[in-house]
Amino acid sequence: MNLYNIKHPEEQVNFAQAVRQGLGKDQGLFFPETIPTLDNIDELLALPLVERSQKILGAIIGDEIPTDKLNAMVKNAFTFPAPVEKVEEGIYALELFHGPTLAFKDFGGRFMAQALATVRGDGKITILTATSGDTGAAVAHAFYGLENIDVVILYPKGKISPLQEKLFCTLGGNIRTVAINADFDACQALVKQAFDDAELRQAIGLNSANSINISRLLAQICYYFEAAAQLSPAERQNLVVSVPSGNFGNLTAGLIAKTLGLPIKRFIASTNANDTVPRYLKSGEWSPNATVATLSNAMDVSRPNNWPRVEELFKRNGWALSELGAGALTDAETEEALKAQYAKGYLCEPHGAIAYQVLKDQLQAGETGLFLCTAHPAKFKESVERILNMELPLPEALDKHNKLPLLSDEMDADFAQLRAYLLK
Ligand SMILES: *Cc1c(COP(=O)(O)O)cnc(C)c1O
């Protein structure tokens, strides 16, 4: 598989290099040089998730990774289902939150960990990342137990929810977690200092397991096929998919699925008040506002880092950007949407509620709608309980960790200390 840097197309890498490097020159994103057309879609849709995903990813990645290795990567990564639930006539939810950290990022995170373990080459690898909660959990669980890969996760002490902390600070093994006596920005600054330290980087094989890593996107393509597989051929005819979007990785993966030949009529990008893209699609002007905090905080992004990949796909496929639907909801509208879903007997959370409502607002007669549910309702327990005036039981996956002791180390925001800790 060949990829090029969107900012500097002359910079070309293979899959292994793209996975190891994450980003190209000038922070440019890597993008596949060619995306094949799959001519056996119906046959693929008849297969189970893992087997189908092995074939799809094999077709994209090509012979660079031996088939048996790739098959093992997919099997190890996709250990949980992605069920489609009917919410009302013609509207379905794709539930992506049945993985170990109850969010769709488990799909990309787990496949990236497998990919990195496969293409790593010789030498030690240390994944270093800072988290304000969720990404840390996904990274920790994805890399947990992988041989010769150490993971160090920094987080601001006392500034993430106790439940979030329990989810990734109770694993032990190759996962070390450090509560920093400072805020999230200080944690991020420490990570940056570490990556700027060439000697340290070399000594411990620093890698960021960055969220823009191409391997994440490739993994996410697979659940769009899984959604279609669970709908009837008639429902698949005029399928419209609404994607709750922050950095637009999820939407990019959907667009690649369509490029591969999956019959999706159109996509809708759904956002909260951080609505740079919906405004851009209307006015043609890219003018990000300051990021604002909302109920759907995983989408509080005003400069979505995957957007260049979306534009690249439209350009290369000869699609008009005007074909991309978009809509944004305020927090008040999000609350109403969540209540409306609940009244129909479907329990959701703010991100999925936004995707549902924007879909409903834009779905036309004869179309079937699918919206993505990116997190388990219990991950947004406080908001969901307040808005719906109910009590949510803790799901098994969270409850299990909640009972375990915290294993975190504690440290001041002092780079010299962190450096010594990393070299230990
Ligand atoms: C990360 C995240 C999103 C946004 O996904 P992007 O790929 O960044 O657009 C939406 N919902 C939840 C719950 C998330 O964690």
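The chain is numbered in sequence order, starting from 1. What you are looking at is a predicted structure, and each value in this text was computed from that prediction instead of being measured. We count ligands from 1, going down the list as the structure has it; atoms in each ligand are counted the same way.
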Practice prompt. Would you tell me whether R309 and N306 have side-chain atoms, one donor and one acceptor, within less than 3.5 Å of each other?
Written response: yes
Discussion item. Less than 6.0 angstrom from the centroid, inside 45 degrees of the normal: does R176 satisfy that with respect to the ring of Y421?
Written reply: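 Cation-pi check for R176 and Y421: passes.
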Worksheet item: Does K157 have any salt bridge (charged side-chain N to carboxylate O under 4.0 Å, His left out) partners at least two apart in sequence or in another chain, and if so, which?
Response: E410
Discussion item. Suppose we screen for salt bridge (charged side-chain N to carboxylate O under 4.0 Å, His left out). Which residues come up paired with K75, at least two apart in sequence or across chains?
Written reply: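 Salt bridge (charged side-chain N to carboxylate O under 4.0 Å, His left out) list for K75, sorted by chain: empty.
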Worksheet item: Is any side-chain N of the basic residue among E88 and K360 closer than 4.0 Å to the acidic one's carboxylate O?
Response: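 Counted as a salt bridge, because a side-chain N and a carboxylate O are separated by less than 4.0 Å.
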Considering only distance and modelled atom types, tabulate donor-acceptor pairs under 3.5 Å from the side chains of residues 93-108, sequence neighbours left out.
unit_1: E95; atom_1: OE1; unit_2: H98; atom_2: NE2; d: 2.9
unit_1: E95; atom_1: OE2; unit_2: Y346; atom_2: OH; d: 2.6
unit_1: T101; atom_1: OG1; unit_2: D106; atom_2: OD1; d: 2.7
unit_1: T101; atom_1: OG1; unit_2: D106; atom_2: OD2; d: 3.2
unit_1: D106; atom_1: OD2; unit_2: T101; atom_2: N; d: 2.7
unit_1: D106; atom_1: OD2; unit_2: L102; atom_2: N; d: 3.4

Fill in: Residues in contact with ligand 1, criterion: heavy atom under 4.0 Å
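Around ligand 1, where the cutoff is 4.0 Å for heavy atoms, the contacting residues are F104, K105, P244, S245, G246, N247, F248, G249, N250, A298, M299, H351, T374, A375.
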